[in-house]
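Note that this is a predicted model, so its numbers are computed, not measured. Atoms within a ligand are numbered from 1 in the order they appear, just like the ligands themselves. Numbers here are sequence positions counted from 1.
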Amino acid sequence: MRRAAVFLALLLCLLWTGAQGEDGAGTGKKEGEFDIQGVKAAHDQSSSQTQMSTDVWAELKEIRDMAIEHRIKIQRLEQDNTALEAKMSSSEKEVEELQRENTDLLARVTASENKSTALESRMSSSEKEVEELQRENADRPQVAFSAGLTDSGSVGPFTTDTTLKYSKVFTNIGQAYSPTTGIFTAPVRGAYYFRINAWEESGQTWTGVELFHNDQRKMRFNDYNDGGGYVSASNGILLQLEKGDVVYIVLIGNYSIYDDSNNRTIFSGFLLFPV
Ligand SMILES: *[C@@H]1O[C@H](CO)[C@@H](O)[C@H](O)[C@H]1NC(C)=O
Ligand SMILES: *[C@@H]1O[C@H](CO)[C@@H](O)[C@H](O)[C@H]1NC(C)=O
Ligand SMILES: *[C@@H]1O[C@H](CO)[C@@H](O)[C@H](O)[C@H]1NC(C)=O
């Protein structure tokens with residue numbers, strides 16, 4: 001810009017010099033040209049020259065002022081540019097940071113999704129297991145019973161061992177216990193738990209029972225009511241039974257046993273699990 005201004009100034013000087021020369025030749029034609037530039041030609045030659053010189057200097061000054069103005073503008077633009085560059089570079093940094101964060105988040109999301117998928121598959125396999133267990137459970141026979149002996153006091157003594165008929169049925173899920181015979185029949189092969197007790201409170205007597213698995217005795221317990229008050233004894237046993245095996249309680253010969261509405265003497269059993 002500055003160079004252009006200097007070049008323009010030189011060009012004007014040359015034009016001016018040329019105009020003077022041509023005027024010297026007496027054509028007077030160039031005066032008209034200066035008219036175009038807004039210079040009012042004077043009739044007096046020297047006055048005209050002075051006028052032209054003044055105009056040229058005025059124009060040069062104007063051009064110089066323009067140049068200065070442009071330089072200021074350029075400086076301002078440069079400053080603006082620097083500011084913009086700074087802003088741009090900080091924006092670029094922000095963009096980079098955001099991109100990094102995005103990548104990070106994406107990785108985390110992917111990891112989460114993976115975890116979700118893994119959890120879903122675990123969940124579905126767990127659900128399958130639960131369903132299977134529920135099916136197994138539903139297929140498993142439910143066997144549990146509990147029965148009291150009688151409401152009518154002493155039973156016995158009898159001269160022989162006698163199978164007791166616990167007639168007061170509290171619970172008989174699966175109907176494996178018969179209150180009419182007093183016999184429990186295993187519906188499936190499995191582990192079964194039984195619990196019995198004996199109570200006696202009539203005089204100085206022996207009480208005691210035996211638990212039979214089929215024709216085999218598995219348990220016997222007894223006690224003597226020597227104080228004339230009451231006596232009691234109890235025991236439990238876990239047995240592995242085959243399907244159709246029987247379990248029952250026998251009152252020992254010459255012994256007695258007692259029960260009333262207090263449900264003092266109870267025979268209970270349940271299937272722990274099939275085997
Ligand atoms: C997510 O799972 C895919 C496919 O199983 C695997 O290629 C990728 O590496 C896993 N990504 C993460 C973050 O665990
Ligand atoms: C019961 O007692 C009688 C008379 O003492 C005896 O003969 C009988 O053998 C006893 N019964 C049992 C099962 O022990
Ligand atoms: C004994 O069992 C019967 C029948 O379930 C019940 O009505 C009664 O209250 C029980 N007796 C006692 C003392 O709990």
Side-chain angles (χ1 to χ4, degrees), residues 134 137-275:
Q134 278 173 338
N137 242 6
D139 290 347
R140 175 185 298 183
Q142 293 182 318
V143 184
F145 77 95
S146 202
L149 186 59
T150 181
D151 271 347
S152 51
S154 275
V155 175
F158 306 114
T159 52
T160 54
D161 294 349
T162 306
T163 299
L164 290 173
K165 295 170 188 162
Y166 294 78
S167 58
K168 297 187 292 183
V169 172
F170 301 119
T171 310
N172 197 7
I173 297 163
Q175 306 298 317
Y177 172 72
S178 164
T180 54
T181 62
I183 293 170
F184 171 84
T185 306
V188 292
R189 182 173 196 258
Y192 291 84
Y193 184 74
F194 297 95
R195 190 180 181 282
I196 50 172
N197 78 306
W199 174 279
E200 181 53 277
E201 61 175 54
S202 47
Q204 297 193 335
T205 51
W206 279 96
T207 189
V209 293
E210 296 169 338
L211 181 143
F212 276 78
H213 171 198
N214 296 334
D215 54 0
Q216 275 195 314
R217 191 175 63 195
K218 285 287 157 81
M219 181 210 296
R220 174 190 169 106
F221 61 82
N222 52 19
D223 202 355
Y224 182 61
N225 187 7
D226 50 0
Y230 61 85
V231 68
S232 74
S234 67
N235 207 347
I237 189 169
L238 182 76
L239 294 174
Q240 185 176 326
L241 306 182
E242 297 300 322
K243 181 180 175 177
D245 281 1
V246 294
V247 173
Y248 50 94
I249 310 299
V250 166
L251 174 66
I252 300 164
N254 292 330
Y255 286 19
S256 62
I257 192 166
Y258 180 95
D259 191 21
D260 58 22
S261 59
N262 286 312
N263 311 319
R264 298 177 190 275
T265 302
I266 291 174
F267 175 32
S268 302
F270 57 85
L271 171 66
L272 191 59
F273 51 81
V275 291

Self-check item: Residue N263 vicinity, atoms of ligand 3 by number, heavy atom under 4.0 Å
Solution: 1 (C), 2 (O), 3 (C), 8 (C), 10 (C), 11 (N), 12 (C), 14 (O)

Exercise. Using distance alone, decide if ligand 3 has a nitrogen or oxygen within less than 3.5 Å of any nitrogen or oxygen in N262.
Key: no

Self-check item: atom 9 (O) of ligand 3 touched by protein heavy atom at under 4.0 Å
Solution: no

Quiz item: Do S154 and S202 have side-chain atoms, one donor and one acceptor, less than 3.5 Å apart?
Solution: yes

Quiz item: Among protein heavy atoms, which lies nearest atom 4 (C) of ligand 3, and at what distance?
Solution: F170 CE2, 3.9 Å

Quiz prompt | Test ring pair (Phe, Tyr, Trp, His ring centres under 6.0 Å) applied to F184 and Y177, Y248, Y192, the passing residue | solution = Y192

Self-check item: Working for side-chain contact (heavy atoms from CB on, under 4.5 Å), residues T171 and F145
Solution: CA-CA 5 Å; T171 310; F145 77 95; 5.6 Å; no

Quiz item: Counting distance only, does the side-chain N/O of N214 pair as donor-acceptor with the main-chain N or O of V246 below 3.5 Å?
Solution: yes

Self-check item: Nearest-contact summary for atom 13 (C) of ligand 2 - protein heavy atom, Å
Solution: T159 O, 3.5 Å

Quiz item: Considering only the protein, which heavy-atom contact is closest to atom 2 (O) of ligand 2, and what is its distance?
Solution: N254 ND2, 2.2 Å

Quiz item: Between S146 and A144, is there a donor-acceptor pair closer than 3.5 Å when you use the side chain of the first and the backbone of the second?
Solution: no

